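We name chains A, B, ... by the order of the sequence lines, and we start the count at 1 in each one. Source: prediction; values computed, not measured.
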Amino acid sequence: MFRTLAFIAIALGACAPAPAPSLEGCRLNATHNVTWSNTSAQDVVTARADGPTCAQAVVNFTVRNANGDPLWTFASTYYDMTIGGAPPPNTSAPTDAEVGAFLNGWANVEVTRSSDLPSWSEGAASLSESASPFSYDTAFDREAYEALRARASPMLCFAAAAEAVRCLVIDPLSNAPTEIVAYGP
Amino acid sequence: MMRALLFLLALSACAPAHPPRCDMSSERTLAFSAPEASDVLVARAEGPSCDKAIVVLSLRSEEGYPLWTWATTLSHAFGDVFAPGDREAVQDFLNRWIEVDLSTTTQAPPFAMLEDGATTLDQLTYDDIRARDLPMLCHYSGTSAQVCVFWEPAAGGAGHLFDRAVTENQE
């Protein structure tokens, strides 16, 4: 799990080829193919920035299957994702290249297995109580969480804030994506 | 020659028509960050067709700074009712989606009345925000659910306050 967070942190900060400067405002995107919801057809992750300037960008993370059906989407702001809130005064606005590098890192998600998640010990009131080093949150009760973990399903984790990660699996009952866990410091 | 042209025309007429993309938006101004503010709320749909659209709600200050943003997949959250080419229905949805509820945090339910998991705040923080009578905006996050956010003037941003179940005629 630590490797996942470290990977995402590194990926978000990684240098990436600078995208072409946007002609109007800050409209940039990056895509990455992953094998997650279907082993025989890759899903497409798109990370997009949109704003009058890059300092004012709303950023959007979307996963679609090979047919173009949306599986998951999430929106935040560039600064919430990179520094966790509004920037200090006199911060220079991010360049297209900086936002492009962030988008490339954001879209470049890692697919692991739900069995990589920490176990929820019997008798622990919450997942966080029995797992470390992060604070974990799940909407599932222990029985459902452990059942999903035992399936070792492909799990897609993405950054949902400067220091937070959310992980998705395909719910075996509904065959739709569901958030199995969110974690952070 | 003419016969060949007619054959080609006939073939093209038989080709399956691709539904148009579902990229569209709706916007309005409202006062959320201050009583006299002209904040801009934009609801945007994006997808290869309207049954595959995602929708994003973004509130920006008059100067363009994002104050709140939220996204979901249209069919999962609001029902599998949008036909691939029905741009009119999605536009109608967007027009209705931006009709958000504006009130203040004193209208939020007491902490004890919240459903499990409705807020990520602890009771002390929640009660404090409620007592301060801050601007509150609630928007639909599903056919019978709303997300309510509050304006924190000290931070110059909006934050999630709570989720609630609603029916449309309660809007």
Side-chain angles (χ1 to χ4, degrees), chain A residues 25-27 29 44-81 83-89 93 126 135 137-141 160-161 164 168 171 174-179 182 184, chain B residues 18-19 21-23 25 33 39-78 80 82 84 115-120 139 141 147 149 152-160 163:
Chain A
C26 183
R27 290 182 178 81
N29 66 68
V44 180
V45 178
T46 303
R48 164 184 290 196
D50 184 13
T53 67
C54 283
Q56 298 168 313
V58 163
V59 291
N60 181 213
F61 175 96
T62 302
V63 188
R64 292 182 182 275
N65 67 16
N67 295 323
D69 301 314
L71 302 174
W72 201 265
T73 190
F74 169 81
S76 186
T77 69
Y78 174 76
Y79 279 128
D80 278 341
M81 291 299 301
I83 62 172
S126 68
S135 173
D137 185 38
T138 180
F140 294 101
D141 60 24
L168 313 171
D171 187 325
S174 65
N175 202 32
T178 187
E179 184 176 305
Chain B
H18 291 286
R21 282 193 61 83
C22 200
D23 301 340
S25 65
S33 60
D39 302 320
V40 181
L41 184 67
V42 179
R44 180 172 63 81
E46 182 265 319
S49 57
C50 287
D51 58 330
K52 297 179 177 182
I54 61 154
V55 287
V56 183
L57 194 69
S58 297
L59 180 67
R60 293 181 181 277
S61 67
E62 196 172 358
E63 296 79 25
Y65 288 97
L67 308 177
W68 174 252
T69 187
W70 190 87
T72 190
T73 52
L74 180 58
S75 58
H76 293 163
F78 293 99
D80 202 6
F82 299 95
E115 297 285 329
D116 278 351
T119 185
T120 56
H139 65 77
S141 55
V147 167
V149 301
E152 175 53 84
H160 177 261
D163 298 330

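- Contact count against chain B (heavy-atom pairs under 4.5 Å) is highest for A/Val58 among A/Val58, A/Thr77, A/Asp80, A/Val59.
- In this structure, B/Phe78 places its CZ atom where more than 12 heavy-atom neighbours from other residues, nucleotides or ligands lie under 6.0 Å away.
- For the pair B/Ala53 and A/Pro70, the tightest heavy-atom approach, listed with the atom from each and the gap, is O-CG, 3.9 Å.
- Atom CD1 in B/Ile54 sits 13.5 Å away from atom CH2 in A/Trp72 (nearest 0.5 Å).
- Listed here is the closest heavy atom pair of A/Arg48 and B/Glu46: NH1-CG, 3.7 Å.
- Among the candidates A/Ala75, A/Pro52, A/Gly51, the residue making the largest number of heavy-atom pairs closer than 4.5 Å to chain B is A/Ala75.
- Residue contact with chain A, scored on non-hydrogen atoms closer than 4.5 Å, involves the backbone and the side chain of B/Thr73 alike.
- Side-chain N or O atoms of A/Gln56 include none that pairs as donor or acceptor with a backbone N or O of B/Ser61 at under 3.5 Å.
- Side-chain contact between B/Val56 and A/Asp50 is absent, with no heavy atoms from C-beta onward closer than 4.5 Å.
- Neither the backbone nor the side chain of A/Asp137 comes within contact range of chain B, judged by heavy atoms closer than 4.5 Å.
- Within the 4.5 angstrom heavy-atom criterion, no atom of A/Ala176 approaches chain B.
- In this structure, B/Lys52 and A/Asp69 approach most closely via the heavy-atom pair CE-OD1, 2.9 Å.
- Note: A/Ser76 OG to B/Trp70 CH2 = 14.0 Å, rounded to the nearest 0.5 Å.
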